[in-house]
Student: 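The following block contains the structure, expressed as structure tokens.
A, B, ... follow the sequence lines: proteins, then strands. Residue 1 opens every chain.
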Amino acid sequence: MSTAPKPAARGGSLMRLRGLVRKEFLQIVRDPSSIAIAFVMPIFLLVLFGYGVSLDADHVPVALVAEDPSPDAADFLASLESSHYFAPLHALTLADAEAALRQGRVGAIVHLRADFAERLRRPDGAPVQVIVNGVDANTARLTQGYVEGAWGTWLNRYAAARGQTLATPVELEQRVWFNSELRSRNYLVPGLVAIIMTLIGTLLTALVMAREWERGTLEALLVTPASMTEILLGKIIAYFVLGTGGMLLTVGLAVGLFEVPLRGGFWLLWACASLFLLAALGMGLAISAVARNQFVAGQVAIIGTFLPAFLLSGFIFDIDSMPVAVQAITHVVVARYFVSIVQTLFLAGNVWSVVLPNALALLIMAAIFLGVTWRKSRKRLE
Amino acid sequence: MNDAPILEATDLAKAFSAGGRRTRALDGVSFAIRPGAVTGLIGPDGAGKTTLMRLAAGLLVPDTGRIRALGLDSTGDSLAVQAALGYMPQRFGLYEDLTVQENLDLYADLQGLPKTARTERYQELMHMTGLAPFTRRLAGRLSGGMKQKLGLACTLVRPPRLLLLDEPTVGVDPVSRRELWSIVDRLVRDEGMSVLLSTAYLDEAERCQAVILLDRGKILDQGPPATISARMAGRTWAVSGPGRPREVQAGLAGQSGVVDALVQGDHVRLVMQTADDPARLAGLPGLEDARITAVPPRFEDGFIDLLRGRAGTASSPAQDSGLTEGLQRRAQPGDAPVIEVAGLRRRFGDFWAVDGISFEVRRGEIFGLLGANGAGKSTTFRMLCGLLPASAGTLRVAGLDLRHAASAARGRIGYMSQKFSLYGNLSVAQNLDFFASAYGLAGDARATRRQWALTEFELTPYAEQLSADLSLGYKQRLAMACALMHQPEILFLDEPTSGVDPLARREFWQRIYALARAGVTILVTTHFMEEAEYCDRLAIMAAGRILAMDEPAAIKAGARSPELPDPSMEDAFVRLAESAGEAERAA
Amino acid sequence: MTGNGMLTRLLALIHKEFLALLKDPRSRLVLVVPPMIQLLVFGYAATFDLKHIPYALYNEDRGAASRELVAAFDGAPAFRRVATLRAEREITPLVDRRAVLAVVHIGPRFSADLQSGGSAPLQVIVDGRNSNTAMIGLNYVRSVVERFNLEWTASHGLQSPPARLQTRAWFNPNLESRWFFIPGIIGMLTLVTTMLVTALTVAREREQGTFDQLLVTPLRPGEILLGKALPGFIIGIAQGTVILLIATLWFKVPLLGSLPALYAGLALFLLSGVGAGLLISSLAVTQQQGLLGAFLFMVPAVILSGFATPIANMPPVVQAITLIDPLRYFLVILRKVFLEGAGFDVLASQFWPMAVIGAVSLVLASWLFRHRLY
């Protein structure tokens with residue numbers, strides 16, 4: 001130990017802070033449920049989203065009904081059967097196929113009438129009836145798109161076999177920037193970083209101040225030389241480190257295991273994540289400091305954290321398509337700003353025009369929440 | 001030596017609003033505390049003791065008046081005051097999920113104790129508190145007495161000049177209380193510390209150099225405790241026979257001129273409003289043939305006298321009539337025991353919390369279970385109530401085996417816990433209704449019982465109030481009413497008077513006597529040695545075994561020695577507990 | 001003890017739980033207002049239908065054909081032009097800062113190529129950061145282009161394709177994704193409420209000491225469990241009814257199927273939700289653990305339920321895990337009853353798994369009640 005005398009106030013403050021941080025860590029480590037939320041849940045969610053959950057439909061079960069036994073009809077159906085997007089199921093009659101659709105065994109029906117081959121040669125062409133189950137509209141649209149793709153392929157092949165060229169006046173040339181294969185994992189996994197950090201940041205802290213009020217330990221802390229700022233700082237630092245750990249874990253898994261490209265700067269991501277973490281911690285502490293009662297704080301945390309972060313952050317649903325009033329509400333969802341930053345930093349790179357305004361918003365949110373917490377936890381008991 | 005007051009209040013006032021009403025917690029309080037002494041802050045529940053402590057520590061801001069600690073203004077200079085004084089709040093302020101050592105480290109960091117000084121200071125503290133073997137144990141797994149000592153050690157890591165202790169001895173056994181007091185005495189003597197200590201145990205007041213008596217926000221009196229008890233000279237008597245002391249007490253309580261009548265083992269302690277001669281006392285009902293001897297006054301006598309004088313009431317009369325409605329099953333000599341326990345054992349992991357105990361309780365008997373924290377009495381209690389299955393042994397309550405007819409047996413017992421477990425967000429009437437229905441009462445029967453409880457426990461004015469907003473004394477009444485809604489044959493009371501002031505405690509015991517007279521069997525645990533003397537028989541427990549089981553007088557007699565010709569119940573208890581501890585160490 | 005006594009005790013317990021839940025105006029608000037607001041907000045938020053996709057136009061062609069195509073985009077309600085570019089270098093910053101989702105780039109020879117009877121390329125750049133939105137946006141672009149092509153072919157006498165697709169969507173003809181998500185939100189909110197009511201209650205009574213007081217009354221552990229379960233159940237039914245009304249009357253989601261089947265599903269779902277909540281509650285020693293436990297159950301339950309991401313898209317291992325998620329079954333019931341008009345016959349396969357989950361969790365919870373009394 002150094003024996004050089006230090007300025008008493010400063011050394012004391014550091015020592016107090018270190019003591020408070022260590023206390024928070026020990027409390028986290030002693031509670032199995034905190035560990036579960038901080039480490040088990042992120043890995044579970046990441047693996048789930050990385051491997052399990054996806055919006056990209058594959059092997060859609062489709063019932064194929066061909067009332068026409070001609071080679072032309074068989075050729076058309078073959079173009080569907082060869083696509084990996086479909087899991088074809090042959091039905092004898094339309095009624096069978098419809099029953100399968102009702103029972104949920106297939107998601108779509110492709111139906112060729114008895115006069116298919118004959119009408120192919122007529123000027124207005126042969127109709128192909130496609131029925132999709134519209135309940136899950138998104139999957140229905142994807143399925144529809146896949147059928148159209150298979151149909152387009154068949155048209156070209158049909159024309160080529162007859163030495164014709166198909167008239168397609170405008171040919172769409174699509175360029176998807178940042179995620180050329182349109183892998184949904186590439187955008188879900190970065191967004192998940194935001195969800196996980198919301199859970200760690202807000203949920204773990206939502207009860208900590210209320211718990212100290214209820215158990216009377218805060219009273220004992222308050223009469224030590226520790227100031228309220230130090231007490232709050234002790235909590236923020238401890239959970240900040242925990243949250244950063246969660247962030248590194250999720251980012252590491254995203255890049256290493258799920259091969260999501262990280263095109264932006266790591267340190268910029270780190271800096272933005274830190275800002276976000278401050279805002280999330282601030283929100284949890286503010287809930288806790290205002291409620292001063294674990295039961296109420298718990299209820300507010302259940303209602304106010306997960307579902308808004310899941311639904312209103314742009315993680316899954318596009319904010320621009322929401323009504324104006326709902327868009328306004330999303331501005332108070334902290335995760336919204338961070339979701340935008342992580343998606344950009346991962347897939348697009350350091351786009352300052354996205355990062356800066358969102359980072360500023362995070363800074364403001366953090367300041368507001370921490371300010372509320374600080375005001376509500378003055379060093380008095382009333 | 002500097003004799004400027006170390007804590008000084010001038011015309012201090014503080015009010016709180018709760019449940020729509022504004023209560024004056026402190027109302028024009030002025031005092032000055034000398035340095036280098038233990039000052040006791042004594043008062044019933046709701047007197048404003050905790051508010052005063054918090055004001056002194058700068059945790060609250062007074063409405064009017066000033067309070068200065070260590071020459072600094074507690075309100076304006078709160079950070080400086082907090083840096084200089086030590087304060088232990090009621091629940092000791094420990095982190096239960098941290099170990100003993102980790103709690104100490106935390107407070108050493110917070111108090112800025114240099115690392116180099118720690119080893120030595122820790123050794124001193126551990127030596128003083130006897131916690132050295134437990135440094136790696138979680139604070140939540142310590143007994144109440146050990147928690148209290150750890151809480152004290154944490155406030156002492158850097159010795160403060162002024163130490164504030166808020167009810168440090170509530171819920172703590174007599175052995176631990178003695179140890180705490182010897183630590184406090186040593187701090188004052190050797191380190192010149194000043195201590196302000198609030199307590200509900202009136203015998204502790206006599207150990208203070210000065211006391212401040214507080215009631216409903218006002219100071220009743222202050223000064224050395226001896227001057228307060230001296231006022232009672234010539235007014236205190238011991239009365240014995242004819243008849244059982246409890247019957248004698250019942251005859252005396254409520255008589256005009258009687259301030260206090262208390263059962264003390266084989267006699268009744270009588271406190272009169274004025275100095276009297278024994279011949280005049282013999283004129284009181286039931287005392288014609290009694291033996292009346294003068295006894296020296298105690299601090300408690302003076303305190304009760306002051307409180308009664310302020311409240312304008314005499315001692316509470318014996319309650320018999322309505323309370324025991326429908327319970328008239330007086331004990332007959334040939335009755336079978338109501339509680340039979342034989343070879344009862346209970347294991348937690350590889351530790352026997354209760355290690356083979358046997359006893360019987362007769363109908364209408366008041367049976368007390370005493371023991372240090374961790375002696376196994378709570379575990380025994382929980383097994384008797386059916387809250388915990390026994391590992392071995394037999395256990396019959398009201399003739400029913402708890403293992404097979406638990407629900408039926410529970411229907412015949414009433415239970416009151418030390419926390420007065422009520423639903424805080426329900427009103428008084430709703431709590432009564434709920435517990436009545438939980439015991440299967442419905443319709444008119446329930447309404448009648450509710451009315452009975454409201455009247456008998458004087459709760460009618462509070463029927464619609466939330467039970468969380470009641471004062472502790474009223475919570476205790478309500479808890480007891482809830483336990484009696486179904487007219488149980490057996491009443492289990494787990495530290496039923498913990499933290500409750502002496503007047504409420506006396507009222508409570510009046511009710512218990514009346515119930516016992518009506519044939520209700522009562523099993524009680526308590527930390528108040530006084531209350532042990534109210535029991536018909538006692539069992540003293542340590543390390544899961546019964547050390548002694550007898551009538552209170554006989555247990556006291558067992559501790560008689562040349563140095564202690566007239567041992568108190570506390571002496572007897574401490575002696576038994578210590579000899580058990582020695583035997584264990586020897587083994 | 002008579003059966004009558006048991007009923008009295010049970011009713012008292014339920015009455016008490018209700019009082020404890022509803023007495024405080026703040027808790028009353030927590031149970032009533034947030035679910036309604038959440039349904040309204042989430043109902044509008046949760047949709048994959050894009051409206052007013054912001055796009056930029058970079059048209060290097062002055063010809064009539066290009067004007068016709070631009071008119072097609074401007075006329076489509078799904079698109080909103082927010083920028084008209086003059087140079088290629090303007091594209092990158094616009095896409096980077098997410099000002100537009102797509103850029104439509106018409107080359108200088110577009111009209112000329114078309115007029116000569118050949119094909120002309122149309123370049124569309126899409127921001128793929130949200131791949132789902134990008135894919136949906138591309139689909140919209142494609143349908144505008146296809147419609148343009150059909151009209152162009154017809155009006156210029158070109159040969160039309162030999163086969164054409166006639167697509168119909170059953171149950172949801174306009175493919176409104178809101179119809180899909182709103183029944184899902186009903187399931188999620190019901191789950192949240194049952195967690196709110198059940199997950200912290202036992203831990204709170206333990207911390208306040210009233211649990212012991214309950215246990216010394218003649219109430220059996222099973223009765224206490226029932227007393228704790230029924231309020232959650234009743235509140236769930238009441239709240240479910242309110243949000244069902246909002247879904248049908250406000251959001252106009254068609255409710256075609258059997259209402260009794262829907263309520264039977266709701267009841268079984270509540271049974272399993274309450275069972276899970278009480279299981280967490282009886283495991284938790286502190287309220288903190290109760291809260292975190294509720295999340296450890298709730299978050300995976302929502303994600304694995306097929307709420308936003310179809311279960312069919314998951315790998316077989318994950319699909320196997322979803323079998324123990326009660327929300328999964330309830331979502332199927334909700335969607336089938338609302339949109340497909342299903343009744344008991346179709347849904348039997350969804351009912352019994354929830355009943356099993358509910359029974360198992362309640363039995364486990366009651367076992368824990370008895371064996372974790374200390």
Student: To the nearest 0.5 Å, how far apart are OG1 in C:Thr286 and CG in A:Leu207?
Tutor: 8.5 Å
Student: In terms of heavy-atom proximity below 4.5 Å to chain A, should C:Thr322 be classed as side chain, backbone, both, or neither?
Tutor: neither
Student: What distance do A:His111 atom NE2 and C:Gln166 atom CD have between them, rounded to the nearest 0.5 Å?
Tutor: 11.0 Å
Student: Shorter than 4.5 Å, heavy atoms on both sides: which option in A:Asn179, A:Thr143, A:Val132, A:Asp31 has the most such pairs with chain C?
Tutor: A:Val132
Student: Looking at C:Leu114, C:Leu40, C:Leu101, which has the largest count of heavy-atom pairs under 4.5 Å with chain A?
Tutor: C:Leu114
Student: Just so I understand: if I count every heavy-atom pair under 4.5 Å between each of A:Leu203, A:Val354, A:Val326 and chain C, which residue has the most?
Tutor: A:Leu203
Student: Taking the side chain as every heavy atom from C-beta outward, state whether A:Pro323 and C:Lys51 have any atom pair closer than 4.5 Å.
Tutor: no
Student: Could you pull out the closest heavy-atom pair between C:Glu340 and A:Arg102, with the gap in Å?
Tutor: OE1-O, 3.7 Å
Student: Rounded to the nearest 0.5 Å, what's the gap from CG on C:Leu304 to CZ on A:Phe44? Could you check?
Tutor: 5.5 Å
Student: Quick check for you: among A:Arg122, A:Glu171, A:Met322, A:Gln327, which has the greatest number of heavy-atom pairs under 4.5 Å with chain C?
Tutor: A:Glu171
Student: Is A:Leu172 close to chain C through its backbone or its side chain, or both, or neither, when contacts mean heavy atoms under 4.5 Å?
Tutor: both
Student: When heavy-atom pairs shorter than 4.5 Å are enumerated against chain C, which of A:Ala348, A:Pro127, A:Pro357, A:Gly298 gives the highest number?
Tutor: A:Pro127
Student: Applying side-chain hydrogen bond (donor to acceptor under 3.5 Å, both in side chains), run through A:Gln174 and C:Arg142 and close with a yes or a no.
Tutor: CA-CA 10 Å; A:Gln174 62 187 48; C:Arg142 194 174 296 127; 3.3 Å; yes
Student: At a 4.5 Å cut-off on heavy atoms, which part of A:Gln144 comes close to chain C: side chain, backbone, both, or neither?
Tutor: side chain
Student: Please state whether the side chain, the backbone, both or neither of C:Ile311 comes within less than 4.5 Å of a heavy atom of chain A.
Tutor: neither
Student: For C:Trp170 and A:Asn133, what are the C-alpha separation, side-chain angles and deciding distance, and is it a side-chain contact (heavy atoms from CB on, under 4.5 Å)?
Tutor: CA-CA 5 Å; C:Trp170 276 15; A:Asn133 183 334; 5.7 Å; no
Student: Which heavy-atom pair separates C:Gln288 from A:Ser34 by the least distance, and what is that distance?
Tutor: NE2-OG, 4.0 Å
Student: With a 4.5 angstrom heavy-atom cut-off, could you sort out which part of A:Phe310 is near chain C: side chain, backbone, both or neither?
Tutor: side chain
Student: Checking C:Arg204 against chain A: side chain, backbone, both or neither under 4.5 Å from a heavy atom?
Tutor: side chain
Student: Can you tell me how far the CZ atom of C:Arg129 sits from the CD atom of A:Gln343, to the nearest 0.5 Å?
Tutor: 8.5 Å
Student: Could you look at C:Leu122 and say if it's the side chain, the backbone, both or neither that has a heavy atom under 4.5 Å from chain A?
Tutor: both
Student: Out of C:Val192, C:Val126, C:Leu165, return the one with the most heavy atom pairs under 4.5 angstrom to chain A.
Tutor: C:Leu165
Student: If I measure from the heavy atoms of chain A, does C:Val145 come under 4.5 Å with its side chain, its backbone, both, or neither?
Tutor: side chain
Student: Applying ring pair (Phe, Tyr, Trp, His ring centres under 6.0 Å), can you list everything that pairs with C:His105, at least two apart in sequence or on another chain?
Tutor: C:Tyr58
Student: Side chain, backbone, both or neither: which part of A:Trp154 has a non-hydrogen atom closer than 4.5 Å to chain C?
Tutor: side chain
Student: I need the C:Leu292 CG to A:Leu204 CG distance, nearest 0.5 Å.
Tutor: 6.0 Å
Student: Less than 4.5 Å apart, any side-chain heavy atom of A:Leu311 and any of C:Met188?
Tutor: yes
Student: Chain C heavy atoms under 4.5 Å from A:Thr330: which part of the residue, side chain, backbone, both or neither?
Tutor: neither
Student: Evaluate the side-chain contact (heavy atoms from CB on, under 4.5 Å) criterion for residues C:Trp152 and A:Val170: first the C-alpha distance (whole Å), next the side-chain angles of each, then the deciding distance (0.1 Å), finally the verdict.
Tutor: CA-CA 9 Å; C:Trp152 186 270; A:Val170 178; over 6 Å; no
Student: May I ask you to check whether over 12 heavy atoms, not counting those of A:Arg263, lie within 6.0 Å of atom CZ?
Tutor: yes
Student: Looking only at heavy atoms, what is the nearest atom pair of C:Asp96 and A:Val351, with distance?
Tutor: O-CG1, 3.4 Å
Student: Please report the closest heavy-atom contact between A:Tyr187 and C:Ser131, naming both atoms and the distance.
Tutor: CD2-OG, 3.1 Å
Student: So, are A:Arg141 and C:Asp49 salt-bridged, with charged N and O less than 4.0 Å apart?
Tutor: yes
Student: Between C:Asn149, C:Ile321, C:Leu296, C:Leu291, which residue shows the highest count of heavy-atom pairs closer than 4.5 Å to chain A?
Tutor: C:Asn149
Student: Shorter than 4.5 Å, heavy atoms on both sides: which option in C:Phe148, C:Phe338, C:Phe42 has the most such pairs with chain A?
Tutor: C:Phe42
Student: Please classify the contact of C:Glu176 with chain A as side chain, backbone, both or neither, using a heavy-atom distance under 4.5 Å.
Tutor: backbone
Student: Check whether C:Val302 gets within reach of chain A through its side chain, its backbone, both or neither, counting any heavy atom under 4.5 Å.
Tutor: side chain
Student: Relative to chain A, which segment of C:Leu339 carries a heavy atom at a distance below 4.5 Å: side chain, backbone, both, or neither?
Tutor: side chain
Student: Below 4.5 Å from any heavy atom of chain A, which atoms of C:Gln319 appear? Answer side chain, backbone, both or neither.
Tutor: neither
Student: Fit a plane to each ring of A:Phe317 and C:Phe181, take the angle between them on a 0 to 90° scale, and name the class: parallel (under 30°), tilted (30 to 60°) or perpendicular (over 60°).
Tutor: perpendicular
Student: Between chain A and each of C:Ala294, C:Gly293, C:Ala134, C:Pro300, count heavy-atom pairs under 4.5 Å; write down the option with the most.
Tutor: C:Pro300
Student: With respect to chain C, which residue among A:Asn186, A:Leu307, A:Ile195, A:Leu142 yields the maximal number of heavy-atom pairs within a distance under 4.5 Å?
Tutor: A:Leu307
Student: Which residue out of A:Val147, A:Ile131, A:Leu347, A:Leu101 racks up the most heavy-atom pairs below 4.5 Å with chain C?
Tutor: A:Ile131
Student: Grab the two heavy atoms, one from C:Arg164 and one from A:Gly125, that are nearest each other, plus how far apart they are.
Tutor: NH2-O, 3.5 Å
Student: I'd like to know whether NE2 of C:His52 has more than 12 heavy-atom contacts from other residues, nucleotides or ligands below 6.0 angstrom.
Tutor: no
Student: Check for a donor-acceptor pair, side chain of A:Asp318 on one end and backbone N or O of C:Thr133 on the other, with a separation under 3.5 Å.
Tutor: no
Student: Which bit of C:Ala46 is near chain A, if near means a heavy-atom gap under 4.5 Å: side chain, backbone, both or neither?
Tutor: both
Student: Exactly one of A:Asn138, A:Thr139, A:Asp136 should register a side-chain contact (heavy atoms from CB on, under 4.5 Å) with C:Phe180. Which one does?
Tutor: A:Asp136
Student: Among C:Phe295, C:Phe110, C:Tyr44, which residue forms the greatest number of heavy-atom pairs with chain A at distances under 4.5 Å?
Tutor: C:Phe295
Student: Can you tell which part of C:Ile53 gets under 4.5 Å to a heavy atom of chain A, answering side chain, backbone, both or neither?
Tutor: neither
Student: Mind checking what makes salt bridge (Lys or Arg N to Asp or Glu O under 4.0 Å) contact with C:Arg178, not counting sequence neighbours?
Tutor: none
Student: Closest approach of C:Ala308 and A:Ile316, non-hydrogen atoms and distance?
Tutor: CB-CD1, 3.9 Å
Student: Measuring heavy-atom distances to chain A, does C:Ile125 have an atom under 4.5 Å in its side chain, in its backbone, in both, or in neither?
Tutor: both
